[in-house]
Amino acid sequence: MSVRAGREFLAIPGPTTVPDEVLRAMHRPAVDIYSGPLLALTDGLLRDVARVFKTSGRAYIYISNGHGAWEAALTNVLSRGDKILVLESGRFALGWGENARRMGVEVEILKGDMRRAVRPAEVEARLKADKGGTIKAVLVAQIDTASGVVNDVAAIGEAMRAAGHDALLMVDAVASLGCMPFEMDAWRVDVAMSGSQKGLMAPPGLGFVAANDRAREIHKKADLRTPYWDWTDREGDIHYQKYAGTPPEHLLFGLRQALDMLFEEGLENVFRRHRLLAEAVRRAIGIWGEGQAISFNIIEPQERCDTVTAVLMNGGRDPEALRAYCNEKCGVILGHGIGELSGKAFRVAHMGHVNAPMILGTLSVIEMALNALDVPHGRGGAQAAIDWLGEQVKA
Ligand SMILES: *Cc1c(COP(=O)(O)O)cnc(C)c1O
């Protein structure tokens with residue numbers, strides 16, 4: 001027996017649910033790439049992508065996923081033999097750093113672990129010790145999607161200034177942009193990157209990079225630049241060159257619609273919706289955890305992010321059985337554990353086009369699975385989420 005008929009719900013941390021309005025915006029014929037409305041569409045999108053990053057710097061749109069945007073960010077500002085510092089707090093900054101290493105960059109990792117955020121004081125101490133200024137850039141993920149941690153990018157920027165160090169601050173905002181505050185200029189982030197398929201509610205396939213003047217100055221001497229990613233090539237007036245070739249028209253139509261929806265809701269409201277729904281998830285997990293069989297991966301409550309929650313299954317219990325139940329019986333697809341958490345955790349995404357029924361439904365299905373699989377858990381997790389949301393969202 002199953003109760004999975006109808007629309008399945010994708011609760012993985014990307015790609016996320018694409019709104020029907022975005023799907024519809026893409027269902028149209030191709031248009032001219034040399035003249036007509038597409039040119040104004042590009043200008044508007046470049047402006048609005050920068051607006052979402054909160055920067056007066058420049059934005060670039062690539063036909064790529066997040067991995068491509070990683071490469072775009074690195075190749076435009078680094079040179080062979082440069083040294084960078086990667087701040088560990090899960091999997092993703094390490095992955096970005098590994099890409100840099102394979103391009104001939106020397107990579108040092110500021111040790112962290114899967115269960116906590118980057119400590120800004122450790123960044124400050126390491127940079128203070130770098131007397132000769134050999135470190136050219138610091139890489140960090142605002143939210144690490146594997147661990148479910150949120151890093152305090154503003155505090156890391158402060159730590160770099162306190163150390164009197166002028167390395168570039170480069171931030172991966174793939175799992176956070178459009179879901180929580182990101183203040184590129186105010187936090188003095190030099191280069192930031194993201195992708196279309198998470199908080200930005202568009203299909204996978206677009207990568208975004210934003211750069212401030214300092215980064216664009218350093219770019220002039222970067223020797224890792226390649227034709228496709230190169231910022232300078234994309235900055236001219238010729239529309240075709242802004243994408244280094246044919247623009248990804250339909251993805252751009254979809255992105256336009258998705259950004260319009262975000263601006264219409266209001267970014268502050270979007271962030272608040274994410275905070276409320278994330279806390280609903282945490283309330284439920286907090287109750288279930290009383291049974292000792294499951295627990296939060298991120299130990300400190302204030303370091304748990306508002307877009308994805310990684311849940312450990314203790315005592316050798318198999319998270320795949322729980323994921324299979326949710327998927328096969330109920331049509332809810334949860335994320336699996338990745339990296340060190342592979343086979344030990346499941347992840348619940350709460351990012352992008354999500355609302356109360358999606359999240360409360362997901363929590364209820366997880367609770368069904370905990371019951372059906374005899375996983376010891378505190379009773380009433382979904383109820384705790386309902387109670388808390390009801391208190392926050394007044395009549
Ligand atoms: C998803 C993700 C990436 C990689 O994005 P892809 O589009 O899968 O290449 C990078 N960083 C973070 C933090 C992510 O969540």
Side-chain angles (χ1 to χ4, degrees), residues 10-18 49 52-53 60-75 86-100 102 109 112 114 117-118 138-153 156 169-182 184 189 191-210 228-229 248 251 254-255 258 274 278 297-298 303-310 333-342 345-352 354:
L10 195 56
I12 65 173
T16 61
T17 298
V18 180
V49 169
V52 178
F53 278 110
Y60 307 89
I61 299 174
Y62 296 95
I63 304 170
S64 80
N65 55 18
H67 283 70
W70 274 351
E71 199 160 322
L74 296 170
T75 54
V86 171
L87 311 183
E88 180 182 8
S89 64
R91 276 301 319 150
F92 284 88
L94 294 182
W96 194 7
E98 177 59 16
N99 282 16
R102 289 178 61 181
I109 292 162
M114 261 330 246
V118 171
V138 172
L139 270 52
V140 66
Q142 185 178 25
I143 284 177
D144 189 292
T145 325
S147 64
V149 83
V150 58
N151 287 309
D152 187 342
V153 174
I156 291 166
L169 176 54
M170 301 179 67
V171 180
D172 172 336
V174 179
S176 51
L177 197 71
C179 305
M180 65 169 288
F182 185 78
M184 177 154 165
V189 173
V191 181
M193 51 72 59
S194 194
S196 50
Q197 80 276 22
K198 297 191 183 177
L200 299 181
M201 312 189 300
L206 295 178
F208 310 113
V209 176
Y228 183 73
W229 304 118
L251 291 173
L255 178 66
H274 278 84
N297 175 54
I298 297 301
E303 295 180 354
R304 294 171 191 153
C305 76
D306 286 341
T307 60
V308 58
T309 300
I333 304 170
L334 299 174
H336 55 75
I338 59 174
E340 281 170 47
L341 302 188
S342 175
F346 64 92
R347 292 178 300 158
V348 188
H350 28 90
M351 69 171 85
V354 284

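The structure presented is a predicted model; accordingly, all values stated were derived computationally and were not measured. Keep in mind that the numbers below use all heavy atoms, side chains included, and drop hydrogens, waters and symmetry copies. Note that ligands are numbered from 1 as they come in the structure, with each ligand's atoms numbered from 1 the same way.
- Of the possible polar contacts, one joining the His274 side chain to the Gly352 backbone as a donor-acceptor pair under 3.5 Å is found.
- Between atom CD1 of residue Ile338 and atom CZ of residue Phe92 there is a gap of 4.0 Å, rounded to the nearest 0.5 Å.
- A distance of 7.5 Å separates OG1 of Thr16 from CD of Gln197, quoted to the nearest 0.5 Å.
- Using bins of under 30°, 30° to 60° and over 60° for the plane-to-plane angle, the ring pair Phe182/Phe53 lands in the perpendicular bin.
- Counting protein heavy atoms only, atom 15 (O) of ligand 1 is closest to Thr145 OG1, 2.3 Å.
- In this structure, the separation between NZ on Lys198 and CD1 on Ile143 is 10.5 Å, given to the nearest 0.5 Å.
- Side chain of Glu340 to backbone of Ser147: no donor-acceptor contact under 3.5 angstrom is found.
- Close approach to Trp70 involves these atoms of ligand 1, each under 4.0 Å from a residue heavy atom: 10 (C), 11 (N).
- Not a single heavy atom of Val308 sits under 4.0 Å from any atom of ligand 1.
- Note on ligand 1: Lys198 sits in its first shell, one or more heavy atoms being nearer than 4.0 Å.
- Taking CG of Leu341 as the start and CG of Asn297 as the end, the distance is 4.5 Å to the nearest 0.5 Å.
- Comparing heavy-atom distances from atom 7 (O) of ligand 1 across His67, Gln142, Gln197, Arg91 singles out Gln197 as nearest.
- The Ala175 neighbourhood of ligand 1 comprises atoms 15 (O), with distances under 4.0 Å to a heavy atom of that residue.
- Atoms of ligand 1 found under 4.0 Å from any heavy atom of Ile143 (numbered from 1 in listed order, with element): 13 (C).
- Residue Cys305 holds its SG atom at 6.0 Å from NE2 of His350, rounded to the nearest 0.5 Å.
- Atoms of ligand 1 found under 4.0 Å from any heavy atom of Gly66 (numbered from 1 in listed order, with element): 5 (O), 6 (P), 7 (O), 9 (O).
- Ligand 1 places these atoms under 4.0 Å from at least one heavy atom of Asp172: 10 (C), 11 (N), 12 (C), 13 (C).
- Counting the atoms of ligand 1 from 1 in the order shown, those under 4.0 Å from a heavy atom of Asn65 are 6 (P), 7 (O), 9 (O).
- Note: no N/O pair closer than 3.5 Å links Asp144 and ligand 1 by distance alone.
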